[in-house]
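Working notes for the structure below.
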Amino acid sequence: MGRDVIIACDFSTKKAVMDFLDKFKEEKPFVKIGMELYYAEGPEIVREIKARGHKIFLDLKLHDIPNTVKKSMSVLSRLDVDMTNLHAAGTIAMMEAAIEGLTREDGTRPMLIAVTQLTSTSEDRMKNELLINAPIDETVMHYAKNAKIAGLDGVVCSPLEAGKVHDTCGKDFVTVTPGVRFADGEVGDQVRVMTPEQAKKIGSDYIVVGRPITAAEDPVAAYRRCVKEFVDYKGEI
Ligand code: C5P
């Protein structure tokens with residue numbers, strides 16, 4: 001497993017995403033396809049981007065009864081993506097079923113990671129609406145442990161939690177972290193952000209970067225800057 005930058009391709013049409021990817025002449029970035037693009041264009045968009053040589057993180061966050069998740073994962077596995085995900089809140093049984101469905105006949109499968117508590121859910125709402133009384137970071141670590149017990153490869157989490165997830169679940173348990181911003185960039189609607197260098201220092205394995213690259217004047221240069229800071233940087237941070 002190598003550290004890498006994943007570009008969140010949050011576009012709603014095939015044309016927009018292809019125009020964006022056409023800018024990359026020399027490198028083939030790892031890309032994240034989320035619900036917006038998948039629901040707009042269907043599985044064909046995954047096949048087309050894969051055929052261009054990109055690695056794909058299919059971010060559909062499955063959460064349903066184990067049998068439905070197992071069968072859906074088996075369909076997604078045939079799309080030959082490299083990474084996909086689900087909600088840890090679906091229980092260990094659901095996560096185990098997902099792995100079964102995702103595993104191909106030859107024993108290979110895409111990486112499977114779990115969403116713990118969405119960063120948009122505050123501790124207040126967790127307590128009052130969901131009746132979960134533990135502190136939010138305890139809930140995140142507990143969900144991460146469940147994901148590990150179920151045999152998953154890692155979790156999506158805030159870069160601020162990546163170090164603790166590694167302490168709790170081991171250094172090989174993968175952390176995929178959004179909420180990354182350049183030190184001199186716009187924060188937008190993200191609240192708790194980190195720079196690529198800080199994310200590296202704290203132990204993120206993959207950073208998911210959207211607007212700092214997709215909305216940049218020169219997306220290729222912004223991508224290269226991210227790779228330089230997150231993957232190649234060797235100096236004092
Ligand atoms: O544009 P930006 O860099 O904020 O994009 C971050 C990506 O990561 C988006 O696709 C967003 O949906 C996703 N994400 C997030 N926070 C989470 C989970 C996913 O920002 N907790």
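We use all heavy atoms of the structure for the numbers below, so side chains are in, but hydrogens, waters and symmetry mates are not. In listed order, ligands and their atoms are each counted from 1.
- Between R78 and D80, none of the side-chain N atoms (NZ, or NE/NH1/NH2) sits under 4.0 Å from a carboxylate O, so this pair counts as no salt bridge.
- Within ligand 1, counting atoms from 1 as listed, the ones closer than 4.0 Å to a heavy atom of K32 are 10 (O).
- Between E26 and R224 a salt bridge is recorded (basic side-chain N to carboxylate O distance below 4.0 Å).
- Taking a cut-off of under 4.0 Å to the non-hydrogen atoms of A8, the atoms of ligand 1 that pass are 7 (C), 10 (O).
- Contact atoms of ligand 1 toward P212: 3 (O) (distance under 4.0 Å to a heavy atom of the residue).
- The nearest heavy-atom contact from the protein to atom 6 (C) of ligand 1 is Q190 NE2, 3.8 Å.
- Residue D10 has at least one heavy-atom neighbour below 4.0 Å for each of these atoms of ligand 1: 9 (C), 10 (O).
- More than 12 heavy atoms of other shown residues, nucleotides or ligands fall within 6.0 angstrom of atom NZ in K61.
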Derivation of the ring-ring contact (aromatic ring centres under 6.0 Å, His included) call for F24 and Y223: CA-CA 10 Å; F24 293 84; Y223 172 73; 5.6 Å; yes
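- Geometric assessment of R3 against the ring of F230 yields a positive cation-pi assignment under the 6.0 Å and 45° thresholds.
- Listed by atom number, the atoms of ligand 1 under 4.0 Å from R211 heavy atoms are 1 (O), 2 (P), 3 (O), 4 (O).
- The contact set between ligand 1 and R181, taken as ligand atoms under 4.0 Å from a residue heavy atom, comprises 1 (O), 2 (P), 3 (O), 4 (O).
- With respect to K127 and E123, a salt bridge is recorded, a charged nitrogen being found less than 4.0 Å from a carboxylate O.
- The contact set between ligand 1 and T119, taken as ligand atoms under 4.0 Å from a residue heavy atom, comprises 16 (N), 17 (C), 21 (N).
- Put simply, the side chain of I6 does not reach to within 4.5 Å of the side chain of V209, judged on heavy atoms.
- The atoms of ligand 1 that sit less than 4.0 Å from any heavy atom of G210 are 1 (O), 2 (P), 3 (O), 5 (O).
- When hydrogens are left out, the protein atom nearest atom 19 (C) of ligand 1 is P178 CG, 3.8 Å; that is the closest non-hydrogen contact.
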